[in-house]
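Here the structure is laid out as structure tokens; the discussion comes afterwards.
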Number of protein chains: 2
Amino acid sequence: MTLRNLQYIKHTLAGHGLKVTHQRMVIYQVLQDTDTHPAAEGIYEKIKKIIPSISLGTIYKTLEVFVEKGLIKRINTSEGNMRYDARMDNHNHIYCTNTKEIIDFKDEELEMLIRDFLKRKKIGNFNLKEFRLHISGEKIDPGKHIEIT
Amino acid sequence: MTLRNLQYIKHTLAGHGLKVTHQRMVIYQVLQDTDTHPAAEGIYEKIKKIIPSISLGTIYKTLEVFVEKGLIKRINTSEGNMRYDARMDNHNHIYCTNTKEIIDFKDEELEMLIRDFLKRKKIGNFNLKEFRLHISGEKIDPGKHIEIT
DNA sequence: TCTTCGTTGATAATAATTATTATTTAATTT
DNA sequence: AAATTAAATAATAATTATTATCAACGAAGA
């Protein structure tokens, strides 16, 4: 965690009306450095290595506050637990039903395609916030990565 | 529940390798007649009106079995509970973040658009099963319906 | 009808999350 | 810089959602 990052994180938290605490800084930093969309428990394990005294309740509370303030997003899953995403730009998700991985997938063309479609297709009495394509299936070799070309 | 439907449901359950029981028939029928994507608790309330002796555990077990056999689908949500969808054709979902409603939205053009895109965009080491567009936002008047035109 | 085996209902157990509260910490005031 | 205030944290209890267990029951075939 560089000094530059530290300042940036402080600024981000404060800018969202949050009191800057060590716990929040570390949690936010760890989320920023993760693209695996972890659950609370997984985040807890990572943070414990940095702040051994952290409480699981603090993780939950902090995640809730971050979601509320628009710093991170909750991810839609059909599993029994919640997962989080610190990436706030529009992007899609690929779900692997056996490894439970959620892989980011950004594509400008797809985004334009859908955005354009939705512009034509009017949804009345509804204030559209965002859209995301959920692609689901199974990795063929669970040990290897998915490759998008 | 007409006699015709009864026969159809029996056939559907048996056709998926399930023993035909009164509970399963009623649960499947109710799911078929619902497009609100209810949670287990909501389904339980509906079924209790028809089979007062039903147990919540039976609802959960039955839903699990139905999902496993491909009769219904679990829906991805960012809430703390699971929701179910008996509609098995490809369609998309509109999420209202304040009423927690999930509204079906089917559009052939959109489907073609995405299907065509995915055909060009190859995802390696991945066996694609399905895709769905998740649209989220808020109803402007929560008392009224969303209108897609 | 009898038998078999899966299903159901009742309930206990577990997992995930939220709530509570005393203590600690950051920010504010003096 | 010390004192004050208000909010955040840690520890833990409580709640919610879901899954597991098991005796009794019911469906389907012999």
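For A:Asp35 and A:Arg87, the salt-bridge test fails: no basic side-chain N is under 4.0 Å from an acidic carboxylate O. Using a cut-off of 4.0 Å between Lys/Arg side-chain N and Asp/Glu carboxylate O, A:Arg120 and B:Glu109 are scored as salt-bridged.
Residue A:Tyr60 has a polar side-chain atom (N or O) positioned under 4.0 Å from OP1 or OP2 of C:dT17. When the side-chain nitrogen and oxygen atoms of A:Ser53 are compared with OP1 and OP2 of D:dA10, one or more of them lie within a distance under 4.0 Å. The shortest distance between the side-chain N/O atoms of A:Gln23 and the OP1/OP2 oxygens of C:dT25 is not below 4.0 Å. Taking 4.0 angstrom as the limit, B:Thr21 places a side-chain polar atom (N or O) nearer than this to OP1 or OP2 of C:dT8.
Residue A:Lys19 has its side chain nearest to D:dA7 when only D:dA7, D:dA17, C:dA16 are considered. The listed nucleotides are C:dA26, C:dG9, C:dT17; the one nearest the side chain of B:Ile51 is C:dG9. Nearest to the side chain of A:Ile54, among D:dA10, D:dT9, D:dA27, sits D:dA10. The listed nucleotides are D:dT9, D:dA6, C:dT7; the one nearest the side chain of A:Arg24 is D:dT9. For B:Leu56, the listed nucleotide lying nearest its side chain is D:dT18; candidates were D:dA8, D:dT18, C:dA16. Listed nucleotides D:dT18, D:dA10, C:dA27 differ in distance to A:Val20; the shortest reach to its side chain belongs to C:dA27. Closest to the side chain of A:Asn81, out of D:dT19, D:dT9, C:dT17, is C:dT17.
In this structure, B:Glu41 atom CD and D:dT15 atom P are separated by 16 Å, rounded to whole Å. One atom, CZ of B:Arg74, and another, P of D:dA17, lie 15 Å apart when rounded to the nearest Å. Distance, A:Lys100 NZ to C:dA15 C1': 15 Å, rounded to whole Å. A straight line from CG of A:Leu63 to C1' of D:dT9 spans 14 Å, rounded to a whole angstrom. Rounding to whole angstrom units, CE of residue A:Met82 and C1' of D:dT18 are separated by 14 Å. Remark: P of D:dA17 and CD of B:Glu45 are 12 Å apart, rounded to the nearest angstrom. Rounded to a whole Å, the NZ atom of A:Lys61 is 13 Å from the C1' atom of C:dT21. Distance, B:Lys69 NZ to C:dG6 P: 11 Å, rounded to whole Å.
Sequence order on DNA chain D of the closest nucleotides to B:Ala40 and A:Thr58 puts A:Thr58 first from the 5' end. Annotation: of the two residues near DNA chain C, B:Gly17 and A:Arg83, the 5′-most nearest-nucleotide partner is B:Gly17. The residue among B:Leu18 and B:Glu64 whose nearest nucleotide of DNA chain D is located toward the 5' end is B:Glu64.
Side-chain atoms of B:Asn127 never come within 3.5 Å of backbone atoms of A:Gly137 as a donor-acceptor pair (strictly under, hydrogens ignored). The backbone N or O of B:Thr36 sits less than 3.5 Å from a side-chain atom of B:Arg83, completing a donor-acceptor pair. Formation of a donor-acceptor pair under 3.5 Å by the A:Arg132 side chain with backbone atoms of A:His91 is found in this model.
Side-chain N/O atoms of A:Ser55 and base N/O atoms of D:dA11 include a donor-acceptor pair closer than 3.5 Å.
Between A:His134 and A:Tyr95, the ring center distance clears the sub-6.0 Å criterion.
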